[in-house]
2 protein chains.
Amino acid sequence: IIQLEGVWKIYQMGDVQVPALRGIDLKIERGEFLAIAGASGSGKSTMMNLIGCLDLPSKGRIFLGGDDIAGFGESTLAQIRGQKIGFVFQQFNLIPTLTALENVMLPLEFQNVDTSTARKKALEILNLVGLGDRVHHLPSQLSGGEQQRVAISRALAVDPEIILADEPTGNLDSKTGKFILDFFSEIHRKDSKTIIIVTHDFYLVKHAERVVYLKDGQVERIEHNHKN
Amino acid sequence: IIQLEGVWKIYQMGDVQVPALRGIDLKIERGEFLAIAGASGSGKSTMMNLIGCLDLPSKGRIFLGGDDIAGFGESTLAQIRGQKIGFVFQQFNLIPTLTALENVMLPLEFQNVDTSTARKKALEILNLVGLGDRVHHLPSQLSGGEQQRVAISRALAVDPEIILADEPTGNLDSKTGKFILDFFSEIHRKDSKTIIIVTHDFYLVKHAERVVYLKDGQVERIEHNHKN
Ligand SMILES: Nc1ncnc2c1ncn2[C@@H]1O[C@H](COP(=O)(O)OP(=O)(O)OP(=O)(O)O)[C@@H](O)[C@H]1O
Ligand SMILES: Nc1ncnc2c1ncn2[C@@H]1O[C@H](COP(=O)(O)OP(=O)(O)OP(=O)(O)O)[C@@H](O)[C@H]1O
Ligand SMILES: [Mg+2]
Ligand SMILES: [Mg+2]
């Protein structure tokens, strides 16, 4: 469902070039549960932003469902981001002036879901991740791990086919972290979602079907987990 | 060196009260290496903010070096924060308009260290944490783990006696994370620093002398690691 072909991302800083991705070839199957690992600065978030259609490569091509995303207009990309892809950002990117509930309702409202249905769905997910009694808190009134769980809830709100999660358990204790990972495994299994998770979490790496290791902007190796 | 006596922190939200800390009694010895663990939302960051003199308790008392901090004026508190305590924030709190180098130099400049000495010291620490080639990047031009390492560098810049680190490896791969933890162990051993780290990291918990577990705003238990 997603393919990267000779993908480069080069950041230009004055006269200096920072090549964050240096020739990535990767094919991700529909319904796959994939982990992305690698050292800090190896290019994981950069790759996630490209897969999530938030950015375009400097060289190479990215295909989504067989189509080259470079050919998509902004409104098509916006629709993909709004409906097909749920993105959990490494730094959460919550709207500081909206409550947890409002933050999770936002993507639903952008898809023209009526307010009471959006509210009901948002409350359901927030309750699932253990934030039922924090729904009216602003991000500044939430702990780090609570903000992370709001970001996770927001990504799941529109029930997207593809979930991109950038270090979704970095701020969670191991018990809450396992709960989130088991939840991802469950929707992967039950709803056949394509799940791509950047993680340093050993438990998660073991649960993925494949693990792509990045090093200095390149694919260093890919491991396959043999599971039943 | 630090003592919490019957400490409560209650957040007021309209008519609702959120008791983040519910009666904490804790004594931390000078030169101790202490870990704080507990579920997301259990009160760890709140406790760190009180220990770091960034906030005052709703009830109870906090002693620093034997003195009740409630008796300190703002300029004394500012001096303590600027010289005695190095704080690594869970969400980094870097100045977005300053480069990595400028962010790390800032606490030194506040202590009236001359610019060339501040620059030299900042570069030294940034090199140590592997960011030598990222010193002129703005936070927005850095990966999550790189921003976290800038936050760590900034906390260490003034060579404080007390280091408070709130989940300092949450965004780091295990190799970089171990490096940071070994570095904290080294300055603990060599410079007899008091180090208090909030963490979910198993490696770190094992390396601490004591581990304080928080649950729902209270100390659930304290474990002692017997080491040589
Ligand atoms: N300004 C605030 N107003 C209201 N409630 C708050 C505020 N700040 C924090 N809280 C609540 O206090 C509780 C403790 O927060 P704290 O940040 O100390 O948790 P934590 O143990 O650091 O969690 P995490 O591991 O997720 O970072 C949380 O449940 C949070 O929702
Ligand atoms: N806007 C930018 N301008 C210049 N360099 C950048 C920019 N954004 C990222 N970089 C650099 O690109 C490299 C890859 O960044 P990326 O965020 O993809 O890393 P990462 O693998 O997600 O790391 P982490 O595990 O620390 O989050 C980093 O070394 C970073 O400094
Ligand atoms: Mg990243
Ligand atoms: Mg916290």
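Convention: sequence-line order gives letters A, B, ...; per-chain numbering from 1.
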Could you have a look at G177(B), A39(B), A37(B), S42(B) and say which one has the most heavy-atom pairs with chain A under 4.5 angstrom? A39(B)

Hey, which residues of residues 48-56 of chain B are touching chain A, say heavy atoms under 4.5 Å apart? none

For atom CZ of R22(B), decide whether the heavy atoms of other residues, nucleotides or ligands shown that lie under 6.0 angstrom number more than 12. yes

H137(B) versus chain A, heavy atoms under 4.5 Å apart: side chain, backbone, both or neither? both

With a 4.5 angstrom heavy-atom cut-off, which part of F92(A) approaches chain B: side chain, backbone, both or neither? side chain

Between Q148(A), K175(A), Q91(A), R134(A), the one whose heavy-atom pairs under 4.5 Å with chain B are most numerous: Q91(A)

Name the residue from E146(B), Q147(B), R149(B) that meets the side-chain hydrogen bond (donor to acceptor under 3.5 Å, both in side chains) definition with S40(A). R149(B)

R210(B) meets the side-chain hydrogen bond (donor to acceptor under 3.5 Å, both in side chains) criterion, sequence neighbours left out, with E32(B)

Spell out the residues in residues 162-174 of chain B that have some non-hydrogen atom less than 4.5 Å away from a non-hydrogen atom of chain A, in order of number; otherwise answer 'none'. E167(B), G170(B), N171(B), L172(B), D173(B)

Is it the case that more than 12 heavy atoms not belonging to Y203(A) sit under 6.0 Å from its OH atom? yes

Which residues, numbered in order, of residues 7-18 of chain B come under 4.5 angstrom of chain A by heavy-atom distance? M13(B), V18(B)

